[in-house]
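We use all heavy atoms of the structure for the numbers below, so side chains are in, but hydrogens, waters and symmetry mates are not.
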Amino acid sequence: MASVILLLSLLICFQLTSASVVLVKLASSSQKWQTCGVREDSWGGSSSLFSHRGLWAQPFTGCYNDTLPDVHNRAALTNNVALFQRGNCTFTTKVQQVGDLVTAVVIVSRPQDGLVTPIAVNESIYADYNLPVLMIQASDAQLDWTKTNAFNLTLQPQTANIWDPNMVLFILIALGVIVAGSWWASASLQARLASPSPSTALRLSAEADEPETLDFSWQAVVIFLIMACTVLLLLYFFYQYLVYVLIAIFTLGAAGAWTTIVMRWLPRSSNTCLQQTFKLPCQLTATGQEMVVWVISFGFAMLWFGLRHKPYAWVLQDILGVGFMVNALHLIRIPSLKIVTIILVVFPIYDVFFVFITPHLTKNHDSVMVKAATGGGATEQIPLALMIPHFQSDYCYQGNSLLGFGDVMIPGLCVAYALRFDCIRLLHAKTFQTPPTAIHMLRATRYFPMTLFGYVLGLCVTYAAMAAMQSAQPALLYLGPSLLLAFYSCAWYYGEVGACWQATMSSTTSSAVNSSTDDTVEAANENSDDETSDRAPLLGGSDA
């Protein structure tokens with residue numbers, strides 16, 4: 001697996017071009033505007049700030065087709081910046097017609113046509129020229145303005161910070177989400193650990209407050225993967241419509257998640273009205289207290305909805321997103337290391353395909369993942385990501401950094417499984433004779449701290465790759481191997497690979513553990529063989 005990922009990484013590196021970002025300012029006597037462009041540095045030319053008169057080639061595309069280049073105003077373009085409209089012929093054909101006369105070539109693309117690096121058809125061509133060649137985007141109105149007004153064009157190189165301080169905030173928030181979600185997911189097991197001789201009633205009451213959970217089988221992984229691919233492709237083609245559907249889902253889902261979280265820790269009200277149960281549509285019921293909490297949570301979500309275009313809206317979105325992810329990590333349970341391995345192998349491949357492979361398959365060379373995540377310049381963005389502004393950057397690099405929910409939740413499921421397995425291991429070994437404190441329990445865990453370390457390491461490698469390649473990276477490409485390496489190395493060291501691989505955390509397992517009064521988990525399995533005869537041993541038949 002590691003060799004395959006390394007090979008993919010090398011192939012990706014070899015396909016990178018020497019592109020840079022330039023701030024392009026266009027100004028006339030009556031109007032001015034600016035935009036960011038992509039420059040192919042292999043064409044040469046000065047990388048410092050310079051300003052010259054801009055002039056359109058005639059015809060605007062510079063050619064009728066590849067075999068019929070036809071620039072009529074070559075003399076007028078001399079010592080000016082030549083503008084070409086994208087289309088009809090290659091970038092090389094446009095540059096070759098005027099490259100020995102002009103100070104720079106700017107290729108203008110419409111937003112719907114995308115923004116790409118203006119590379120030559122053959123690398124040997126670069127040696128014949130020494131001028132900046134770049135591409136910018138302009139609307140139809142801006143195109144009309146440049147074609148009917150005299151203007152000066154200024155090129156200003158942009159520099160991005162290699163290390164943005166906001167990555168520290170991303171790591172801290174992601175760690176907080178994973179730790180909180182994992183801790184909550186193992187709360188019922190921890191309750192049994194904290195009681196040296198718990199009664200059956202106490203164990204059952206600890207489970208009674210848990211809502212129904214979703215156990216992830218390999219079939220569920222396949223279904224989820226197909227759904228993810230389908231939604232991503234639909235977003236790519238119908239983004240302007242589906243984005244509002246996802247905003248609505250996020251608003252309702254985050255409100256429900258925070259309601260669940262608050263109700264989990266909020267003391268029961270003694271008020272009779274708040275304790276009363278009310279019937280809701282779709283055969284649902286809720287207490288008065290739950291309804292009050294939901295209204296407050298929904299009001300907060302609607303506050304974000306109304307302010308989502310404000311510069312400070314990222315704070316509200318992240319708060320809602322944190323609740324959404326913590327609740328999801330609590331509800332979704334991974335039953336074994338086998339499922340963890342399938343998830344952390346399949347989804348990095350999915351990530352790599354939609355980030356790096358799809359630009360070679362789409363018409364405008366767009367990355368399907370990047371366009372779906374950022375909106376491709378659309379006003380609305382999908383809110384399924386943590387968002388933090390860049391702390392320091394030039395104009396073209398201002399904006400927000402994103403960390404998708406999937407890059408937190410998918411590794412988080414692995415970490416949550418690690419903590420639950422630690423709890424079952426400690427329960428099986430009867431490690432504690434007196435109720436342990438949280439610190440004592442954490443000191444006794446093995447897999448939980450190792451997988452957390454693997455996650456932080458993977459995130460750091462992701463940010464290092466982003467800094468080195470100056471482009472968006474599929475985080476799961478680095479998070480998957482780092483988490484698997486951490487988990488398997490720990491299991492191998494303690495001789496528990498088989499136990500981790502076969503362990504099940506499903507509802508049947510919980511029932512077996514609840515009903516057990518013997519000294520070993522194997523005895524619990526024997527006492528419940530009528531119900532779980534087809535289930536793998538909880539600890540693979542080995543002592544932990």
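Atom CD of Gln219 has more than 12 heavy atoms from other residues, nucleotides or ligands within 6.0 Å. Atom NZ of Lys32 has 12 or fewer neighbouring heavy atoms from other residues, nucleotides or ligands inside a 6.0 Å radius.
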Chi angles and distances behind the side chain to side chain donor-acceptor pair (under 3.5 Å) call for Trp33, Gln142: CA-CA 9 Å; Trp33 58 279; Gln142 291 169 334; 5.8 Å; no

Check against ring pair (Phe, Tyr, Trp, His ring centres under 6.0 Å), Trp304 and Phe250: CA-CA 11 Å; Trp304 164 80; Phe250 173 73; 5.2 Å; yes

Check against side chain to side chain donor-acceptor pair (under 3.5 Å), Gln85 and Lys147: CA-CA 11 Å; Gln85 192 164 323; Lys147 292 174 183 178; 2.8 Å; yes

Criterion side chain to side chain donor-acceptor pair (under 3.5 Å) on Asn152 and Ser51, from CA distance to verdict: CA-CA 7 Å; Asn152 286 330; Ser51 179; 5.2 Å; no

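When the side chain to side chain contact (heavy atoms under 4.5 Å, CB included) test is applied to Asp100, the partners found at least two apart in sequence or on another chain are Arg74. Ala104 pairs by the side chain to side chain contact (heavy atoms under 4.5 Å, CB included) definition with Phe50, Val81, Pro132, Leu155, not counting sequence neighbours. Remark: Phe305 engages no residue in a ring pair (Phe, Tyr, Trp, His ring centres under 6.0 Å) (not counting sequence neighbours). The side-chain hydrogen bond (donor to acceptor under 3.5 Å, both in side chains) check on Asn166 picks up Ser401, with sequence neighbours excluded. When the ring pair (Phe, Tyr, Trp, His ring centres under 6.0 Å) test is applied to Trp258, no partner is found at least two apart in sequence or on another chain. For Trp314, the ring pair (Phe, Tyr, Trp, His ring centres under 6.0 Å) test picks out no residue, with sequence neighbours left out. When the side-chain hydrogen bond (donor to acceptor under 3.5 Å, both in side chains) test is applied to Thr78, no partner is found at least two apart in sequence or on another chain. Considering only residues two or more places apart in sequence or on other chains, Phe347 meets the ring pair (Phe, Tyr, Trp, His ring centres under 6.0 Å) condition with Phe224, Tyr350. Legend: residues meeting side chain to side chain contact (heavy atoms under 4.5 Å, CB included) with Asn79, ordered by chain and number and at least two apart, are absent. For Arg110, the salt bridge (Lys or Arg N to Asp or Glu O under 4.0 Å) partners at least two apart in sequence or on another chain are Asp140.
A 4.5 Å side-chain heavy-atom check between Tyr417 and Arg333 finds every atom pair outside the cut-off. At least one side-chain heavy atom of Tyr488 sits less than 4.5 Å from a side-chain heavy atom of Leu337. Two residues are said to be in side-chain contact when any heavy atoms from C-beta on lie closer than 4.5 Å; Asn327 and Trp184 meet this criterion. A heavy-atom distance below 4.5 Å is not found between the side chains of Tyr455 and Ile171. Using a 4.5 Å heavy-atom threshold, the side chains of Asp407 and Asp351 count as touching. Residues Tyr236 and Thr362 form a side-chain contact, since some pair of their non-hydrogen atoms from C-beta on lies under 4.5 Å apart.
The residue from Leu459, Leu457, Thr462 that alone fulfils the side chain to side chain contact (heavy atoms under 4.5 Å, CB included) condition with Tyr478 is Thr462.
Residue pairs satisfying the salt bridge (charged side-chain N to carboxylate O under 4.0 Å, His left out) criterion with at least one member in residues 305-317, sequence neighbours excluded, are listed as follows: Arg308-Glu380. Among pairs with a residue in residues 458-469, none fulfils salt bridge (charged side-chain N to carboxylate O under 4.0 Å, His left out), at least two apart in sequence or across chains.
The aromatic rings of Tyr241 and Phe238 sit tilted, their planes meeting at an angle between 30° and 60°.
Ring pair Phe91/Phe84: centre-to-centre distance not below 6.0 Å.
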